[in-house]
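Quick caveat, the model's predicted, so the values are computed rather than measured. Below, chain A is the first sequence line, B the second, and so on; all start at residue 1. Keep in mind that the numbers below use all heavy atoms, side chains included, and drop hydrogens, waters and symmetry copies.
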Amino acid sequence: MLELHFIRANKERVLQGLKIRNFGEQELEIINEILRLDDTRKETQTELDSLLAERNQLSKEIGGLFKQGKKEEAEAMRERVSHLKDRASKLEELLKSTIEALNEELYKVPNIPHESVPAGSAEQDNEVYKPWTGGLPQLAEGALPHWELAQKYNIFDLELGTKITGSGFPVYRGKGARLQRALISFFLDEAVKAGYEEIMPPLLVNEETARATGQLPDKEGQMYTVERDNLYLIPTAEVPLTNIYRDVILEEKDFPIKLTGYTPCFRREAGSYGAHVRGLNRVHQFDKVEIVQFQHPDKSYDTLFEMLAHVEGVLKKLELPFRILRLCGGDLGFTSALTFDFEVYSAAQQRWLEVSSVSNFETYQSNRMKLRFRDGSKATRLAHTLNGSALALARIVAALLENNQTAEGIVIPKALQSYTGFEILD
RNA sequence: GGUGACGUGGGUGAGUGGCUGAAACCACCGGUUUGCUAAACCGGCAUACUCUGAAAGGGGUAUCGCGGGUUCGAAUCCCGCCGUCACCGCCA
């Protein structure tokens, strides 16, 4: 969430930012409401603090009096303190409820977009930051979409997944399963080569963790829940990976911290059905290798572009046509300040599929997480957090299958062959 | 799942109602000394909020796993929860 003192000191900038996110006049009032609540909080706390200071002082004196055997004086003083207590407990209650209300409002405010974020209301307003300049694959007559290729080569089976679990849970088999494993290993190796520490995190997280990275309270519906144990299935490795550094104070020299991890991702994705979500285009469980960085605020945008370059390099090795979008205010994730999406061209469907999302969250997550560092002076500052997919498997597989189909089978890109152990999937 | 023990600052660990935001030691930082290193000695060393100040700084409050309670006063007493460890049971 945003820092209160930041809102206070940069009110205009905050309001401008929210406008980029298409907040109306009415909705912008939340900022005034937050500042009002914070005023109340401060006043209440100041009064309570001085009351408690008085109590502590008197209590000390009482102790002294008892020691000197001045019982009567002590008793008299006791009563005075008892009186303070009523007032104090009332203030305590007020303080507590004010803080609760304040947090509730604060949770509703999204991150302030970076100045480069274009205005816009939805997907179609995203800026093509880097178009694909090469040619697009020309497929032979009778080329198949990946879901038909899946049947032809028996590499994944959605109906079987439905039998076992429900729709959107593919079962990969044979060379299809092998291809998954190959991609995961390949992506992890690439990330490790780029200096990321490999992590294998838990796939279930608790409420506090989900809150810290921003899945709660606003994206509650996206996650599968395990109610009995009050746990959530992760929608992305970002959640456990970022939380590794929750409540941590770093030294400046620790930056950058680079983590990578492979996990399955679980998403309820309540929403549309039809051609756009056929096959692997949108599934409830998919595999993904995530990269996460913690960085000094002055360097986080350099880092963002470094991460962009990493994803780009991996896609090039896979020989897939891709383009990069800069998300507009309307499409930008709630917690992000700047996001670039990578889309891969899926030749048989003739559409671009999102395969990666690389974001800088600045201090939005670190504020919730209390991830700080010392900047040489006494003060602590919030670190910046960033993450990106490198990469999400299901749609990569869809594009790979479609673009590389030949009469002999699916051609595996060179970079992947040592991982798959075969050059043609047939 | 059962039983028992335990949860104090970066670490070890003292502290069983007021003199404890917390001894001591280690680690870390600064200094003195030193041909260099080491040793020795001196000093510093939690976080958040808040008031005050131009600032440097100074004052206050809270925090000894978390939440509640008793008390004029709680790290210390009581209750609940969570966690760790040990043993037993079950198990990939």
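A:E252 has its CD atom 16 Å from the P atom of B:C29, to the nearest Å. Atoms CD (A:E251) and C1' (B:A27) sit 13 Å apart, rounded to a whole Å. Distance A:L231 CG to B:C82 P: 13 Å, rounded to the nearest Å. The distance from atom CG of A:L382 to atom P of B:U47 is 14 Å, rounded to the nearest whole Å. Separating the CG atom of A:D229 from the P atom of B:C82 is a distance of 11 Å, rounded to the nearest angstrom. Counting to the nearest Å, the P atom of B:A48 and the CG atom of A:N367 are 12 Å from each other. The distance between atom CG of A:D254 and atom C1' of B:G10, rounded to the nearest whole Å, is 13 Å. Spacing between atom CD of A:E207 and atom C1' of B:C81 amounts to 15 Å, rounded to whole angstrom units.
One P atom belongs to B:G30, the other to B:A23, and the distance between them is 23 Å to the nearest Å. Rounded to a whole angstrom, the distance from the P atom of B:A75 to that of B:G9 is 14 Å. Rounded to whole Å, the separation between the P atoms of B:G18 and B:C28 comes to 35 Å. Using atom C1' as the reference point in both B:G73 and B:C19, the two lie 13 Å apart (nearest Å). Comparing the P positions of B:C6 and B:C78 gives a spacing of 12 Å, expressed to the nearest Å. A gap of 38 Å separates the C1' atoms of B:A40 and B:U76, to the nearest Å. Here the separation of B:C64 from B:G21, taken at their C1' atoms, is 9 Å to the nearest Å. One P atom belongs to B:A5, the other to B:C77, and the distance between them is 15 Å to the nearest Å.
Using a 4.0 Å heavy-atom criterion, one finds that A:I249 contacts the sugar-phosphate atoms exclusively.
Map A:E79 and A:K42 each onto its nearest nucleotide of RNA chain B; the residue landing nearer the 5' end is A:K42. The residue among A:K85 and A:R41 whose nearest nucleotide of RNA chain B is located toward the 5' end is A:R41.
In this structure, A:K299 is not positioned above the aromatic face of A:F255 in the sense of NZ or CZ being under 6.0 Å from the six-membered ring centre and within 45° of the axis. Geometrically, A:R368 does not engage A:Y107 in a cation-pi contact, judged by NZ or CZ lying under 6.0 Å from the ring centre and within 45° of the ring axis.
In this structure, A:R78 does not reach the B:U71 phosphate: none of its side-chain N or O atoms is under 4.0 Å from OP1 or OP2.
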Contact letters for nucleotides 53-69 of chain B, in which S counts primed atoms plus P, OP1 and OP2 and B counts the base, heavy atoms under 4.0 Å: ----S--BSS-----S-

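Using a 4.0 Å cut-off between charged side-chain N and carboxylate O, A:D426 and A:K175 make a salt bridge.
Here the CD atom belonging to A:E423 is positioned 9.5 Å from the CD1 atom belonging to A:I412, to the nearest 0.5 angstrom.
B:C66: Watson-Crick or G-U partner is B:G80, with both key distances under 3.5 Å. Across all strands shown, B:U71 forms no Watson-Crick or G-U wobble pair with both key distances under 3.5 Å. B:A24 is paired with B:U12 under the criterion used here, namely a Watson-Crick or G-U wobble arrangement in which both key atom distances are under 3.5 Å. The nucleotide B:G4 finds its pairing partner in B:C85, both defining distances of the Watson-Crick or G-U wobble pair being shorter than 3.5 Å. With a 3.5 Å ceiling on both atom-pair distances, B:C36 lacks any Watson-Crick or G-U wobble partner. Under the Watson-Crick or G-U wobble criterion, with both distances below 3.5 Å, B:G53 is left unpaired in every strand shown. In a base pair of the Watson-Crick type (N1 to N3 plus N6-O4 or O6-N4) or a G-U wobble (N1-O2 and O6-N3), with each distance short of 3.5 Å, B:G43 is matched with B:C29. B:C90 makes up no base pair with any nucleotide shown, lacking Watson-Crick or G-U wobble contacts both under 3.5 Å.
Taking the side chain as every heavy atom from C-beta outward, A:V344 and A:R395 never approach each other to under 4.5 Å. With contacts defined as side-chain heavy-atom distances shorter than 4.5 Å, the pair A:L216/A:Y232 qualifies. Using a 4.5 Å heavy-atom threshold, the side chains of A:P170 and A:D157 count as separate.
For the side-chain hydrogen bond (donor to acceptor under 3.5 Å, both in side chains) with A:Y301, the qualifying choice from A:H384, A:E306, A:E362 is A:E362, the only one to do so.
Using modelled atom types, no side-chain atom of A:S336 and backbone atom of A:G333 make a donor-acceptor pair closer than 3.5 Å.
With distances taken from any side-chain atom of A:R374 to the nucleotides B:U50, B:C72, B:U47, the minimum falls on B:U47.
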